[in-house]
Structures are given as structure tokens and as C-alpha cells.
Amino acid sequence: SIEIQVTKDTYVMCDWFNIESHQDPQVWIYKYNCPESADWHWDYHQLLSNCTTPAPGVEFGFGPEGEGQSASITDDQGRWLYEDLAPGTWYWEEHFPDGYSGAVVYCQWVDPHGSGEFQKAELDGATLWLELDDDQVVTCYWFDFPDGHAPASPTPPSGSGGSSGGSGG
């Protein structure tokens with residue numbers, strides 16, 4: 001509702017529109033290979049400044065929790081856009097390219113109410129879990145580290161489906 005004070009010789013015309021704002025969630029992945037000199041403890045800005053080699057042709061399996069996996073491959077700039085996703089829990093599992101054995105991922109959520117900072121995501125081995133809602137666009141920068149320089153890969157608890165270690169916005 002709105003309140004308007006109407007005075008003599010004033011006209012008020014109102015048009016009301018109901019606009020559906022629902023859009024399916026989207027996820028962008030930007031893949032970069034880090035040099036041996038990069039430290040996986042670095043923050044997002046340090047990694048973005050030092051890990052500047054795009055990673056084309058990297059294979060990812062992805063899908064909604066509890067369903068089959070689809071395949072995708074990053075483009076010549078190390079990117080991939082996942083569109084028309086249903087709200088819910090989704091996973092992305094990287095198949096590390098030769099010479100790489102670990103990753104650090106930072107993601108940012110954008111929705112109609114604004115955007116947040118890039119936050120370090122928890123990986124379950126090579127798998128990222130995201131809880132997606134309508135109208136969200138999630139952008140993840142995925143930094144791979146060379147063999148011998150990668151973060152230790154945690155062992156998931158017995159019986160874990162992976163979603164307990166997920167990231168959300």
C-alpha cells in the first residue's frame with residue numbers, strides 16, 4: 001500500500017504490476033592453474049593476482065544431489081556457465097588435469113538483494129557442493145595447484161554424501 005496526500009487540482013494515476021521475478025539459478029566457474037610458487041593459504045585476491053593461467057579443457061561432473069552426473073568441459077578461457085538449474089543442492093566434481101592434484105575455490109553469491117564478498121568454499125576432495133535458490137547467480141573461481149604443492153584433501157566422514165561440507169550464500 002502507499003499513502004499520498006491529494007490536494008485541490010492534483011491528479012494521481014496509479015498503475016500496479018505484478019512482475020514475476022523468478023529466474024533459475026546460474027553458476028559460473030572460472031578455472032585457473034597456479035604456478036608452483038603460489039601458496040594455497042593465500043586469500044582470494046592473492047590467488048587471483050598470481051594464478052593467471054586459464055585452464056581450458058578441464059572436465060567437471062555436475063548434478064543435483066541424489067541424481068546422475070552430467071559432464072562439462074571448460075572453454076578455451078577456462079570458463080563454463082551452468083544455466084537452467086533447479087533450486088536445491090548441486091555438486092561439481094573436478095577431474096584434475098595431469099600434473100595437478102588439489103584446488104582452492106572462492107565463490108560469490110548475487111541475488112536481487114545484492115552481492116556478497118568472495119568466500120572460500122569447503123571442498124570434499126575435488127567436489128564442491130552449493131545450495132542454490134531462485135534468482136541467484138553464483139560465481140566461483142577455482143584455482144588448481146600442481147602436484148606436491150596442493151592442499152591436503154580431507155577424508156569425508158563415513159557415510160557422508162558430501163552436502164554437510166557444502167557452501168551456501
Side-chain angles (χ1 to χ4, degrees), residues 24-110 115-133 136-169:
D24 291 332
Q26 295 180 4
V27 174
W28 278 95
I29 290 183
Y30 292 86
K31 251 336 253 92
Y32 289 95
N33 292 331
C34 294
E36 289 183 1
S37 60
D39 186 337
W40 62 269
H41 294 98
W42 287 347
D43 68 23
Y44 167 71
H45 296 287
Q46 290 171 304
L47 290 171
L48 194 59
S49 297
N50 289 279
C51 302
T52 58
T53 304
V58 177
E59 296 180 31
F60 280 89
F62 73 100
E65 183 175 36
E67 293 187 25
Q69 189 177 88
S70 297
S72 65
I73 298 175
T74 57
D75 70 11
D76 63 342
Q77 295 298 309
R79 302 172 300 195
W80 193 262
L81 169 61
Y82 301 88
E83 299 181 277
D84 302 322
L85 305 173
T89 303
W90 285 74
Y91 67 93
W92 282 261
E93 181 179 9
E94 179 181 10
H95 303 282
F96 289 114
D98 289 341
Y100 293 87
S101 58
V104 172
V105 178
Y106 280 85
C107 296
Q108 176 193 45
W109 277 256
V110 177
S115 63
E117 296 291 321
F118 278 90
Q119 300 174 12
K120 190 173 185 178
E122 292 181 36
L123 294 180
D124 180 4
T127 304
L128 171 67
W129 292 86
L130 297 175
E131 182 66 36
L132 302 175
D133 291 323
Q136 285 185 328
V137 176
V138 181
T139 302
C140 295
Y141 281 81
W142 198 298
F143 302 99
D144 276 0
F145 287 84
D147 294 340
H149 300 275
S153 182
T155 303
S158 178
S160 172
S163 60
S164 63
S167 300

**Message:** Whether the side chain of Q136 engages the backbone of V110 through a donor-acceptor N/O pair (distance < 3.5 Å, no angle test) should be reported.
**Reply:** no
**Asked** Which heavy atom of V105 sits nearest a heavy atom of C140, and at what distance?
**Response** CG1-CB, 4.0 Å
**Fill in**
For G57 and I73, the nearest pair of non-hydrogen atoms, with its separation, is CA-CG2, 3.3 Å
**Message:** Return the OH to CD distance between Y91 and E67, rounded to the nearest 0.5 Å.
**Reply:** 9.0 Å
**Asked** So which heavy atom on H95 is nearest to which on V58, and how close?
**Response** O-CG1, 4.1 Å
**Message:** Checking the side chain of T89 only, and the main-chain atoms of E65 only, is there a donor and an acceptor separated by less than 3.5 Å?
**Reply:** no
**Complete:** Heavy atoms of W142 and A126 approach each other most closely as CZ2-O, 3.8 Å
**Item:** Side-chain touch S101/F145, heavy atoms, less than 4.5 angstrom
**Value:** no
Can you list, pair by pair, the side-chain donor-acceptor contacts under 3.5 Å of residues 77-87, counting residues two or more places apart and other chains?
residue: R79; atom: NE; partner: D75; partner atom: OD2; Å: 3.3
residue: R79; atom: NH2; partner: D75; partner atom: OD2; Å: 3.2
residue: Y82; atom: OH; partner: S72; partner atom: OG; Å: 2.6

**Asked** Does the side chain of W129 come within less than 4.5 Å of D124's, by heavy atoms?
**Response** yes
**Message:** Would you compute the distance between atom NE2 of H149 and atom CH2 of W40 and round it to the nearest 0.5 angstrom?
**Reply:** 13.5 Å
**Message:** Would you say that L130 contacts W109 through its side chain, given a criterion of any heavy-atom pair below 4.5 Å between the two side chains?
**Reply:** yes
**Message:** Between Q119 and C107, is the side chain to side chain contact (heavy atoms under 4.5 Å, CB included) condition met? List the steps.
**Reply:** CA-CA 5 Å; Q119 300 174 12; C107 296; over 6 Å; no
**Prompt:** Strictly under 6.0 Å, is that where the ring centroids of F60 and W92 end up?
**Reply:** no
Under 3.5 Å, which donor-acceptor pairs do the side chains of residues 26-34 form with other protein atoms, sequence neighbours left out?
residue: K31; atom: NZ; partner: E94; partner atom: OE2; Å: 3.4
residue: K31; atom: NZ; partner: D144; partner atom: OD1; Å: 3.1
residue: K31; atom: NZ; partner: D144; partner atom: OD2; Å: 2.8

**Item:** Between OH on residue Y106 and CZ on residue F143, distance to nearest 0.5 Å
**Value:** 8.0 Å
Donor-acceptor contacts, no H, no angles, side chain residues 41-50, under 3.5 Å, sequence neighbours left out:
residue: H41; atom: ND1; partner: D39; partner atom: OD1; Å: 2.8
residue: D43; atom: OD1; partner: H45; partner atom: N; Å: 3.1
residue: D43; atom: OD1; partner: Q46; partner atom: N; Å: 2.9
residue: Q46; atom: OE1; partner: D43; partner atom: N; Å: 3.0
residue: S49; atom: OG; partner: H45; partner atom: O; Å: 2.9
residue: N50; atom: ND2; partner: Q46; partner atom: O; Å: 2.7

**Prompt:** Ring centres of Y141 and F118 under 6.0 Å apart?
**Reply:** yes
